[in-house]
*Asks:* 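Can you keep this structure in mind? I'll have questions shortly.
Computed from heavy atoms alone, side chains included, the values below leave out hydrogens, waters and symmetry copies.
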Amino acid sequence: MSSLISANEIDVRYNEQVVLTKASLSIAEEGRVGLVGRNGTGKSTFLRILNGEQIPDSGTVVRKRGLIMGYLPQSFALDEESTVFEQIQNGAQVVLDLIAEFESLPAESSKHEEIETQIAHLDGWNLESRINTAMSQLRVPPGDRPINTLSGGEKRRVAICRAIVARPDLLVLDEPTNHLDPDSIEWLCDYLKEYPGAFLVVTHDRYFLDRVTSTIVELSNGQFYTYDGNYTDYLLAKAERQATEEMVEKKRQSFIKRELEWVRRGPPARTTKSKSRLDRFFDIEGQKAPEAELDMELVIPPPPPIGNRIVDLLNLGMTVGDKQLFSGLNFTFEKGMRLGVAGQNGLGKTTLLRLIIGELTPTEGSVKTGSLTEFNYIDQARLRLNEESTVINEISDGSEFVVWGNGRISLRAYLKRFLFTDDRVNTQVKFLSGGERSRLLLARVLKRGGNFLILDEPTNDLDLATLRVLEEALTSFPGCVLVVSHDRYFLDRVCTGILGFEGNSTIHYSPGDYSYYIEKYRARKAAAARPVYANVPKKQPPAPAVATPKRSKLSWKEARELEGMEDQIYQTEAEVARIEALFVLADFHKQYGERTSELLAEIEAGKKKIAMLYARWEKLEEMSGVSA
């Protein structure tokens, strides 16, 4: 398959910070590539280079002749004086120009066929239909709305539409799922799965990466590492690679130690053989050890004691203007609960959070808060950073220490948990990368403590490694957690229950994670959609000549086996899921690196057992006559 675009030997340096060093990457036709890596490693820089917006210090970018690219940057600009439809249509200017040229050609022109082929390749004749579909599915505001009346999230939806409507040869998308609700993300997943061209996507949405990618490229230490498969495949392969590297490094260190003793003994006569041995020693000793990845040691400050009553919502309701967001909500928060708040935008999720902490007064019902409950609220805007301030000054409130349970730790020790080394704590905020800014904000907000954490979209702008550490910290937090997020993977890993905003002023509580909630939500919708034929007498089929009960062909032992089959399958699937979850732990390499091969074998054996159990279940049901 030919290459659409190739970056060769790319070097980028910002002052003393090396971002890319001799980095090379090629994207083939119909490539489905996910680009991952810590914030600040250069992902967005690389996307700008591919799009021609930035010139590298050295290296080349080779594009296929006539390549058409669609690009969604993290920081985009829209014409504030134009309308929504005009901005989206601008993304397909190349198509509009071709159609205009085609229509302006004289009837006898020989270019008719050539241009018509180009228009057909871009599906240009269906442009307006595609625009309308994308606007509807991504819940973009009406086409005649002025851009300057839109919120930040609405503008991002417009920018996504503008990037995809031309159906370019190569789509480059930087965090496309930010500010999208689950239904819109689902549509974008389906859109990319069927996309006829290639795409390169940077996103922290791990389910999204699992659904749409067939190649994962990791940017680490200025280099690209390519893995076949989706995000889950990448995690498994990376863990295996790191385990292999660690084993090789142990052997190298053992060799160096052994040979160093021989070198120090200094054999009196250097033979050709000993000189060769000495050369080999210096060659291996000079090899570079694999660079260890630093992970945040994000431990949330121990919370103060929490009472028996935490928060009670009593017949709670809220109306804004003439719109009723929700009503009749009764809920009791209990110690150890980690609740996810999910649903489409605009239904009142953030409003609920502000009602709970007392920033808003409900229009019906009440919120009863326990006397020992202490909130720590991290809102979507979070706290603004002072660009001229330093990292340590942004954390300090005049003290050199952070209260830590009944004790305290120094500010520098606290910041090290968020990967700020001693040489970075005095750096001005304006010189921080996007990832460092996010970590600094987390450090500043979490420092406030509290026994009831409320987080509104905490996963936006956090890289995947930081997300995993935050998930681990929240799951071990002994107080209460309430989190609004569209990140399904995050909700699945953290939450013990879901408050689902389902429209029509309804909030539905479901115990369990987000995937379980969605499964039950779809079942409820399907049941509600089935027609109900009440009081309609059913026409009875004629009775058989001899009505004999159908006996099960199962033995007593097989009947007991069938009864326990579903539970056995569930337990095996849960065990496989538990082992797979180990691979995304922040400290997996340290805890389980030596067991990587063993764990992979257990996963494979578990999957085979599940397949056998399903086959056996089906056979037993067939024998019993259940499926007949």
Side-chain angles (χ1 to χ4, degrees), residues 51 68-104 119-120 122-168 171-192 194-195 199 318-326 343-351 380-381 457 460 486 501-505:
N51 198 50
I68 298 173
M69 282 182 61
Y71 178 44
L72 172 72
Q74 277 200 61
S75 301
F76 54 86
L78 300 178
D79 182 356
E80 296 289 327
E81 302 305 316
S82 65
T83 65
V84 167
F85 187 83
E86 288 169 347
Q87 278 295 283
I88 294 173
Q89 194 177 49
N90 284 347
Q93 194 59 52
V94 63
V95 178
L96 297 173
D97 290 345
L98 284 171
I99 292 174
E101 183 180 358
F102 179 82
E103 292 176 344
S104 67
I119 295 172
L122 297 170
D123 194 27
W125 303 121
N126 295 316
L127 176 61
E128 187 171 347
S129 172
R130 288 208 315 279
I131 289 177
N132 291 333
T133 299
M135 288 178 65
S136 171
Q137 296 293 341
L138 293 173
R139 306 186 194 282
V140 173
D144 58 356
R145 277 273 301 276
I147 294 296
N148 57 20
T149 66
L150 304 185
S151 68
E154 289 172 331
K155 288 179 179 179
R156 186 160 190 83
R157 292 163 182 270
V158 171
I160 295 173
C161 275
R162 184 176 65 175
I164 69 175
V165 292
R167 209 175 75 162
L171 264 176
V172 178
L173 305 173
D174 199 350
E175 297 292 0
T177 63
N178 279 3
H179 304 292
L180 293 188
D181 57 48
D183 289 343
S184 297
I185 293 173
E186 194 72 20
W187 179 82
L188 189 57
C189 276
D190 292 337
Y191 178 86
L192 290 179
E194 301 299 324
Y195 192 69
F199 61 79
M318 188 67 181
T319 300
V320 178
D322 58 354
K323 181 179 181 181
Q324 187 181 58
L325 298 177
F326 51 87
Q344 294 178 9
N345 294 330
L347 296 181
K349 300 190 297 295
T350 298
T351 298
Q380 286 189 44
E457 295 290 0
N460 285 351
H486 293 315
F501 280 66
E502 300 180 350
N504 299 320
S505 306

*Asks:* Could you tell me whether a side-chain N or O of Thr149 sits under 3.5 Å from a main-chain N or O of Pro146, the two making a donor and an acceptor?
*Replies:* yes
*Asks:* Would you sort out whether Leu72 and Arg156 count as a side chain to side chain contact (heavy atoms under 4.5 Å, CB included), showing the intermediate values?
*Replies:* CA-CA 9 Å; Leu72 172 72; Arg156 186 160 190 83; 4.1 Å; yes
*Asks:* Find out whether Phe85 and Ile131 are in side-chain contact, i.e. whether some heavy atom of one side chain is under 4.5 Å from a heavy atom of the other.
*Replies:* yes
*Asks:* Only counting residues at least two apart or in another chain, list the ones meeting side chain to side chain contact (heavy atoms under 4.5 Å, CB included) with Glu80.
*Replies:* Ile147, Asn148, Lys155
*Asks:* For the backbone of Asn132 and the side chain of Ser136, can you confirm whether one donor and one acceptor N or O come within less than 3.5 Å of each other?
*Replies:* no
*Asks:* Would Val158 and Leu78 count as a side chain to side chain contact (heavy atoms under 4.5 Å, CB included) if you check the C-alpha gap in whole Å, the side-chain angles of each, and the deciding distance to 0.1 Å?
*Replies:* CA-CA 9 Å; Val158 171; Leu78 300 178; 4.1 Å; yes
*Asks:* Just wondering, do Asn345 and His486 contact through their side chains at under 4.5 Å, heavy atoms?
*Replies:* yes
*Asks:* For a quick test of reading the model, state the closest non-hydrogen atom pair linking Val84 to Met135 and the distance between them.
*Replies:* CG1-CE, 4.0 Å
*Asks:* Do Asn90 and Asp79 come close enough that some side-chain heavy atom pair is under 4.5 Å?
*Replies:* no
*Asks:* State whether the side chain of Tyr195 and the backbone N or O of Leu171 hold a donor-acceptor pair below 3.5 Å, judged by distance alone.
*Replies:* no
*Asks:* Would a distance-only check, ignoring hydrogens and angles, find a side-chain to backbone donor-acceptor pair under 3.5 Å from Arg157 to Val140?
*Replies:* no
*Asks:* Please examine the side chains of Leu188 and Leu180, heavy atoms only from C-beta on, and report whether any two atoms are closer than 4.5 Å.
*Replies:* yes
*Asks:* Compare every heavy atom of Asp144 with every heavy atom of Thr83, then report the nearest pair and how far apart it is.
*Replies:* CG2-O, 4.0 Å
*Asks:* Please set out all donor-acceptor pairs under 3.5 angstrom arising from side-chain atoms of residues 92-101, sequence neighbours excluded.
*Replies:*
residue: Gln93; atom: NE2; partner: Asp97; partner atom: OD1; Å: 2.9
residue: Glu101; atom: OE2; partner: Lys111; partner atom: NZ; Å: 3.0

*Asks:* Are any non-hydrogen side-chain atoms of Glu502 and Leu347 less than 4.5 angstrom apart?
*Replies:* no
*Asks:* Scan residues 123-156 for pairs that pass ring pair (Phe, Tyr, Trp, His ring centres under 6.0 Å), counting only residues two or more places apart or in two chains.
*Replies:* Phe102-Trp125
*Asks:* With no hydrogens and no angle check, is any side-chain donor or acceptor of Ser82 less than 3.5 Å from a backbone partner on Gln87?
*Replies:* no
*Asks:* Quick one: are Phe501 and Gln344 in side-chain contact, heavy atoms under 4.5 Å?
*Replies:* no
